[in-house]
Amino acid sequence: MKLNLLLKDIHPTNICGDSDLEITGVNIDSRRIADGHLFIAMKGTQVDGHQFIGKAIEQGAKAILLEDMPEKKAEGVTYIQVESTEDCAGKVATVFYGEPSKRLKLVGVTGTNGKTTIATLLYNMFRKFGHKAGLLSTVCNYIDGEAVPASHTTPDPIELNQLLHQMVEAGCEYAFMECSSHAIHQKRIGGLEFAGGIFTNLTRDHLDYHKTFENYRDAKKMFFDGLSKNAFSIINADDKNGMVMVQNTKSTVKTYSTQRAADFKARLLECHFEGMYLEVDGREVGVQFIGKFNVSNLLAVYGAAVMLGKEPDDILVVLSTLKSVNGRLDPISSPDGWTAIVDYAHTPDALENVLNAIHEVLNGKGRVITVCGAGGNRDKGKRPLMAQEAVKQSDKVIITSDNPRFENPQAIIDDMLAGLNAQQTKKVISIVDRREAIRTALMMASKGDVILIAGKGHEDYQEIEGVKHHFDDHEVVKEYIG
């Protein structure tokens, strides 16, 4: 593709060199540059890509998109200066890959909790309807039925457009995507055209990055600000931030609720560990999920499917066949009559939701033993809040390691324990080794009890000092059962 065509959606302040070059690839990682590529020098949160311009040219880059023009310029290389490479990266990538988001119906899901569940269920639903579909999620990316491992909730703009292009080439008509606050703020979804957006909820998370709750909220809002008048927005009316999200959107706004009047309405009729009976817009349906928060998630899926043109009765038939996402309220039953539940809950709100769901089913007929921790090098403010939430709704709590990353695991545990008073600490023990903590909880369990193992869910690793070690909560439970 010609360089001047590639730059059609951005506004360079200066171009030094030939803009009629043939560009064979686009990248923000100098290690992936090959002959004829355009290298985009991004000023990231950790590293400034301008430091790697020389390396990119050595690798064969013929053009550089940058913010700071160098005094010395390599011969035969074109330099394109812009105010913000972050703003331009997505726009350039989507042009290079043939504007794939315009060639399928792309739906983004944002919010603190529920993104993975909603995006994955929509993907599974539309494949059951007979459509080819793609998925971009925390757990895994899929190009129709082909799995592509995920490294971030939302990939970088180059990888993202490449994946969407592959979906189009594979014949996908729809794509469903988690949109994290980091990705929105860092313009990783820049240049994409969305058919619709879904807002789940907003609670404290990622304040290590955003610094304030208002910044976090506004990052999510940017997604809806960018939707076109041809798109739809579906917001959770039960969250006070729902209407804030769509204050400035051009899209068609629809609401969903389990508590008040809304465009899409549902209520819980019955709940068991095997599933729930719901009433959705006046129709009854049985689903293989538990928890009131999952009623909201399923309602968002239902609403999005309606907005994408599917008939309500057909949607409910498919909804009744769908199963929970890996690592989200995954029950494992033991021969001794207790149940272990593995869940990704890693915020105070998510922990509250999962424990509420367990109590809804138990109805006072068994104890709840909770194993939880908190991630290292992340928002420290939520650590004592998570401990408080666990203690409030559990008979016994074991605080342990999650992904300590580069922090001392015991220091993270101490931060959690600092949120508890003397009475609350009587319910708590701390065990740094996560495997030992899980086994201890299982040893405590009696018939009818539930052991919640929270924080890692689908993850099959534990990150310690920058190294990922294989670790799967499901495996530890199954090994113990034998």
Side-chain angles (χ1 to χ4, degrees), residues 1-44 47-104 106 134 136 141 143 148 151-152 154-170 172 175 177 183 186-193 226:
M1 179 179 286
K2 293 291 186 183
L3 178 59
N4 48 22
L5 179 60
L6 197 55
L7 306 178
K8 72 181 182 70
D9 290 336
I10 67 172
H11 304 285
T13 56
N14 187 14
I15 297 179
C16 183
D18 182 9
S19 63
D20 198 40
L21 289 173
E22 188 68 30
I23 297 298
T24 58
V26 177
N27 235 304
I28 61 174
D29 186 341
S30 61
R31 295 167 297 184
R32 297 180 182 176
I33 292 291
D35 191 47
H37 279 201
L38 166 70
F39 174 61
I40 304 175
M42 301 270 283
K43 290 187 175 179
V47 179
D48 184 351
H50 287 73
Q51 298 173 20
F52 303 99
I53 290 173
K55 174 69 173 175
I57 292 170
E58 285 177 19
Q59 297 274 103
K62 290 293 182 284
I64 311 293
L65 187 69
L66 43 64
E67 295 176 22
D68 305 325
M69 190 71 80
E71 288 184 18
K72 291 184 179 180
K73 300 173 184 65
E75 194 174 334
V77 176
T78 300
Y79 294 81
I80 308 103
Q81 188 174 22
V82 293
E83 288 186 5
S84 169
T85 49
E86 187 176 75
D87 283 344
C88 296
K91 296 172 184 176
V92 169
T94 195
V95 172
F96 182 80
Y97 285 105
E99 300 184 290
S101 62
K102 292 182 179 179
R103 297 163 64 192
L104 43 67
L106 176 63
L136 295 150
N141 301 318
I143 300 169
V148 182
S151 57
H152 298 86
T154 313
D156 71 53
I158 313 299
E159 184 186 356
L160 179 52
N161 278 279
Q162 188 176 29
L163 285 165
L164 289 170
H165 171 73
Q166 290 171 341
M167 290 175 192
V168 170
E169 291 293 295
C172 293
M177 171 182 176
Q186 294 168 9
K187 313 291 176 63
R188 285 188 236 158
I189 59 174
L192 298 184
E193 187 167 307

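Keep in mind the model is a prediction, meaning the values are calculated, not measured.
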Tell me whether [X] contacts the main-chain N or O of [Y] through its side chain, where contact means a donor paired with an acceptor under 3.5 Å.
| X | Y | value |
| --- | --- | --- |
| Thr13 | Gln81 | yes |
| Asp48 | Gln51 | no |
| Thr85 | Leu66 | no |
| Tyr79 | Pro70 | no |
| Glu99 | Thr94 | no |

| said: Between the side chains of Lys187 and Asp87, is the shortest nitrogen-to-carboxylate-oxygen separation below 4.0 Å, so that they form an ion pair? | reply: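 Salt bridge flag = yes for Lys187 with Asp87.
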| request: In plain terms, say whether Glu67 and Lys43 are close enough for a salt bridge, that is, a side-chain N and a carboxylate O under 4.0 Å apart. | output: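 Yes.
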| task | Would you indicate whether Lys55, at its atom NZ, is surrounded by more than 12 heavy atoms from other residues, nucleotides or ligands within a distance under 6.0 Å? | result |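 No, because the 6.0 Å sphere around NZ of Lys55 holds 12 heavy atoms or fewer from other groups.
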| What's the shortest heavy-atom distance between Phe39 and Ile28, and which atoms? |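 That would be CE1-O, 3.5 Å.
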| query | How far apart are the closest heavy atoms of Ile23 and Ala63, and which atoms are they? | reply |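 Of all heavy-atom pairs spanning Ile23 and Ala63, the closest is CD1-CB, 4.0 Å.
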| task | Using the test ring-ring contact (aromatic ring centres under 6.0 Å, His included), find all partners of His37 that sit at least two apart in sequence or belong to another chain. | result |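 By the ring-ring contact (aromatic ring centres under 6.0 Å, His included) rule, His37 matches no residue at all.
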| query | Can you find a side-chain donor-acceptor pair between Thr78 and Asp18 that sits under 3.5 Å? | reply |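 No, no side-chain donor-acceptor pair sits under 3.5 Å.
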| field | CZ-OH distance between Arg103 and Tyr97, expressed to the nearest 0.5 angstrom | value |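 Between atom CZ of Arg103 and atom OH of Tyr97 there are 13.5 Å.
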| query | Atom SG in Cys172, atom NE2 in His165: separation rounded to 0.5 Å? | reply |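 If I round to the nearest 0.5 Å, the distance is 12.0 Å.
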